[in-house]
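Everything quoted here is computed from the prediction, not taken from an experiment. Just so we're on the same page: letters track the sequence lines, and every chain starts at 1.
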Amino acid sequence: MRYSKLLLPTTKETPAEAEVISHKLLLRAGFIRKLTAGVYTYLPLGLRALQKVSQIVREEMNKAGAQELLMPMVQQGDLWRESGRWQKYGAELLRFTDRHDRDFCLGPTHEEVITDLARRELLSYRQLPTNLYQVQTKFRDEIRPRFGLMRGREFVMKDGYSFDVSDEAAETSYKNMYEAYHSIFNRCGLKFRAVEADTGSIGGSFSHEFMVLAETGEDTLVICEQCNYAANVEKAAIVSPEDNRDPKGELFDMVEVKTPGMKKVERVADFMSVVPSDIIKTMVYLADGEPVAALVRGDREVQLVKLKNMIGADEVEVVDDSTIYDMTKLPVGYLGPVGLPLKVAVDQEVMQMVNCVSGANKKGCHLKGVNPGRDFTPDFVGDLRQITTEDACPTCGGALSLTEGIEVGHIFKLGTAYSEAMNATFQDKEGGEKPFVMGCYGIGVSRVIAAAIEQNNDKNGIIFPLPLAPFQVIVLNLGLKDEKITTAAEQIYQELLAQGIEVLYDDRDERPGSKFKDADLLGIPFRVTVGKVFAKEGKVEMRLRRTGETSTISLKEAADFIVQTIGTELAVSK
RNA sequence: CGGGGCGUAGCGCAGCCUGGUUAGCGCGCCUGCCUUGGGAGCAGGAGGUCGUAGGUUCGAAUCCUACCGCCCCGACCA
């Protein structure tokens with residue numbers, strides 16, 4: 001491709017709207033332009049990068065035995081009523097009506113459509129297992145789209161679905177995808193981890209997320225430093241602490257203490273001459289619109305996803321103190337479990353606390369000598385708090401570390417949730433009707449690009465891993481008016497093209513500085529410069545974007561080196 | 001949706017507080033000259049409903065009200 005003919009609007013300055021590095025660079029390098037919040041146009045280079053990722057995804061999915069199809073983006077509300085998600089999915093589902101006033105939505109995911117297809121077309125156990133996928137634009141009306149391609153409302157996703165005869169067979173399909181996802185992200189040249197994850201609104205029995213490790217990640221992961229345990233903190237199980245209460249220990253009577261103006265755990269602890277871990281922290285959230293209390297030790301944090309799962313809510317939200325007060329008339333800041341007129345979910349650790357301190361549900365007052373079990377009875381008890389690096393690995397007891405990650409893939413074992421709800425069955429060997437055992441498998445194709453950039457950049461711009469680079473080589477012609485230089489540049493451009501290399505030929509009438517800056521910004525792995533060195537010595541300069549390593553070699557050597565290196569590097573990643 | 005911020009040329013910003021001529025600057029764009037190894041220089045030029053609608057005023061980018069859009073923090077998620 002000739003740069004002079006390409007719509008590739010790079011900028012020196014960063015648009016004010018961008019916050020994270022991938023968003024800034026995608027805009028500056030002319031990959032994307034925003035249409036409206038969370039909705040982007042892919043310019044030619046952005047599209048090329050997108051196609052690179054899709055291609056790898058397709059190859060690996062096909063290799064794993066999955067078949068590509070393409071489903072509709074527009075789906076009727078009735079289908080979503082069958083699965084129960086028309087009510088459950090919430091405002092993220094963009095709904096609208098057609099001219100007959102019938103309900104429709106834009107597909108945020110395709111369990112309903114694929115299950116409908118399966119019940120029509122997969123009639124016999126002989127057709128199973130079947131694994132179907134598509135690469136398609138999805139729309140989710142995110143509460144807050146942000147960070148460019150990282151969390152758009154419209155985004156490109158690979159979604160795949162497996163159908164099996166039994167739980168065991170479904171697990172085989174799941175493992176197959178688990179392996180395929182490893183191959184995909186390895187081939188993309190990304191540093192990633194598969195972690196145990198919460199199943200969220202898709203539902204199902206267990207799942208793994210594939211996380212690209214990057215500081216700007218929106219998720220936090222716990223990783224065991226000894227075994228291979230890794231999990232999202234939303235999911236990471238905390239080992240139930242040993243009960244080391246002294247059975248003969250004295251239980252004090254509850255006493256009310258005046259603590260005016262002391263709402264924070266630390267203030268109360270100081271005042272009462274105790275430590276935060278002697279205090280029961282009482283937090284109130286709205287679970288499906290109803291206030292619910294969550295209790296953790298004063299030095300712990302509530303993990304909202306765990307709370308949601310524990311109480312079986314569809315949605316748990318954090319609300320401000322005044323909203324809670326308006327709903328409950330309770331003195332926020334002085335809340336405690338004793339006599340609290342709300343459903344109470346309690347972290348397992350709290351149940352072992354002895355003679356502790358909590359709010360008194362009375363403004364300016366706390367209680368001491370509170371004993372769980374004696375003084376209050378919880379509605380739910382379990383693992384409720386956020387894991388920390390002080391906790392032990394749930395599988396081996398080893399030390400844990402925390403790291404940030406970007407979720408680029410998520411696989412779920414769905415079981416029969418959708419097939420039962422939608423009456424999707426097949427005939428088994430014995431002639432009986434059985435529901436499909438399903439799995440679903442997503443990859444944020446457009447997000448992979450953002451994640452790759454978050455992980456691969458420097459102060460000059462993007463550093464694409466070779467498999468994702470929109471062009472593999474950029475040839476700079478620094479002597480447009482010099483016939484010898486131009487002939488040589490054209491020659492190597494044509495030579496590389498002939499060898500099947502993806503080359504961007506910078507034939508613009510720009511000064512050398514601009515061409516160098518743009519080449520770096522775009523992140524193209526190989527740069528070949530034809531300029532004054534060629535005029536003098538008949539040699540070109542070759543530079544690797546990632547290392548900055550530079551060599552001066554002949555035209556022929558440059559072409560051979562590039563062809564060979566690209567060939568072996570891509571072969572290795574496969 | 002709650003909290004915060006911003007909307008002035010394609011992009012980045014100043015001007016607004018304290019209302020008063022033709023609304024500025026840098027980048028980019030166009031023309032010419034010049035220059036050619038890390039985003040050059042000179043000269044000339046095009047480009048603006050100051051987010052929208054009301055209001056206050058002799059007079060509004062500037063003050064007031066409402067609305068719209070965008071960005072950041074939170075819940076959500078590929």
Side-chain angles (χ1 to χ4, degrees), chain A residues 9-20 23 27-28 33-34 36-38 53 57 89-93 108-109 135-160 181 197-202 209-212 218-219 232 234 285-286 304-305 307-308 314-323 406-412 440-451 460-461 476-482 485 509-521 527 529-536 541 543 550:
Chain A
T10 59
T11 65
K12 217 184 308 190
E13 279 169 315
T14 307
E17 69 192 52
E19 187 77 7
V20 300
H23 191 194
L27 289 167
R28 282 194 55 210
R33 288 294 182 260
K34 184 178 72 189
T36 181
V53 179
V57 168
Y89 212 98
E92 253 176 78
L93 186 64
T109 172
V135 177
Q136 191 205 32
T137 299
K138 296 284 188 277
F139 193 93
R140 294 183 187 174
D141 200 358
E142 294 280 347
I143 306 165
R144 189 155 81 84
R146 58 181 146 176
F147 302 157
L149 293 190
M150 206 103 108
R151 176 181 301 285
R153 294 196 292 172
E154 192 178 283
F155 61 100
V156 177
M157 174 163 144
K158 188 286 296 183
D159 50 323
Y181 273 42
D198 181 66
T199 52
S201 65
I202 306 278
E209 284 168 337
F210 288 76
M211 296 283 189
V212 167
E218 297 183 272
D219 289 275
N232 194 312
E234 294 173 350
Y285 302 95
L286 286 191
L304 287 181
V305 174
L307 173 63
K308 184 174 96 171
D314 289 334
E315 203 182 344
V316 169
E317 48 185 329
V318 180
V319 284
D320 58 25
D321 292 358
S322 60
T323 310
I406 301 166
E407 182 188 354
V408 290
H410 199 162
I411 60 178
F412 303 80
C440 80
Y441 316 96
I443 290 179
V445 174
S446 40
R447 186 183 278 178
V448 166
I449 297 168
N460 295 317
L476 304 188
N477 179 343
L478 297 191
L480 265 186
K481 295 185 182 99
D482 182 318
I485 289 173
D509 185 13
E510 291 288 339
R511 296 166 56 84
S514 305
K515 296 193 175 191
F516 289 135
K517 289 291 184 190
D518 277 334
D520 284 350
L521 179 60
R527 187 183 83 191
T529 305
V530 189
K532 70 180 186 193
V533 179
F534 185 82
K536 259 190 247 155
E541 180 187 328
R543 185 182 168 96
T550 308

Interatomic distance, A/R146 CZ vs B/rC70 P [rounded to whole Å]: 16 Å

Exercise: identify the closest heavy-atom pair between A/K515 and A/L478: CD-CD2, 3.8 Å

Nearest-Å distance once atom C1' is located in both B/rG12 and B/rC29: 15 Å

Base of B/rG28 paired with side chain of A/R28 (donor-acceptor, under 3.5 Å): no

Among B/rG39, B/rG37, B/rC11, the one nearest A/P15 by side-chain distance: B/rC11

First encountered from the 5' end of RNA chain B, between A/G38 and A/V318: A/G38

Assigned partner base of B/rC25, Watson-Crick or wobble definition, under 3.5 Å: B/rG12

Interatomic distance where CZ belongs to A/R140 and P belongs to B/rA75 [whole Å]: 18 Å

Nearest-nucleotide pick for A/R447, side chain only, options being B/rC77, B/rU36, B/rC70: B/rC77

Whichever of A/D219 and A/R527 has its nearest RNA chain B nucleotide further upstream toward 5': A/R527

Residue matched to B/rG48 through Watson-Crick or wobble contacts both under 3.5 angstrom: none

Minimum-distance nucleotide to A/K481 side chain [options: B/rU36, B/rC77, B/rC70]: B/rU36

Proximal nucleotide (of B/rG39, B/rC77, B/rG38) relative to the A/D518 side chain: B/rG39

A/R527 side chain near A/E541 side chain, heavy-atom distance below 4.5 Å: yes

Proximity to the side chain of A/E234 - top-ranked nucleotide from B/rA75, B/rG39, B/rC77: B/rC77

Touch class at under 4.0 angstrom, heavy-atom based, for A/E13 against every strand present: base

C1' atoms of B/rG55 and B/rA43, separation to the nearest Å: 47 Å

Side chain of A/T36 - closest among B/rG69, B/rC27, B/rA75: B/rG69

Opposite nucleotide pairing with B/rC42, Watson-Crick or G-U, both atom distances under 3.5 Å: B/rG32

Distance in angstrom units between A/I143 CD1 and B/rC71 P, rounded: 15 Å

Value rounded to 0.5 Å, distance of CG in A/L149 from NE2 in A/H23: 7.5 Å

Integer-rounded Å distance: B/rC76 P and A/F147 CZ: 16 Å

Centroid under 5.5 Å and tilt under 30°, A/F516 to B/rG37: no

Spacing between A/K138 atom NZ and B/rC77 atom P, to the nearest angstrom: 16 Å

Test item: A/F210 and A/I411 side chains (from C-beta on) under 4.5 Å apart, heavy atoms: yes

Whole-Å gap separating C1' (B/rC70) and CZ (A/R151): 18 Å

d(CG, A/D509; P, B/rG32) in whole Å: 12 Å

Residue A/H410, side-chain heavy atoms: nucleotide from B/rC76, B/rA78, B/rG37 that is nearest: B/rA78

Touch class at under 4.0 angstrom, heavy-atom based, for A/G152 against every strand present: base

base_contact_polar (B/rG38 base, A/N460 side chain, donor-acceptor, <3.5 Å): no

Euclidean distance, atom CZ of residue A/R144 to atom P of B/rA75 [Å, nearest integer]: 10 Å

From CA spacing to verdict: salt bridge (Lys or Arg N to Asp or Glu O under 4.0 Å), A/R146, A/E19: CA-CA 9 Å; A/R146 58 181 146 176; A/E19 187 77 7; over 6 Å; no

Nearest-neighbour nucleotide for the A/R511 side chain, B/rA75, B/rU36, B/rC73 considered: B/rU36

Atom P, compared across B/rA14 and B/rC25: separation rounded to whole Å: 16 Å

Touch class at under 4.0 angstrom, heavy-atom based, for A/G409 against every strand present: sugar-phosphate

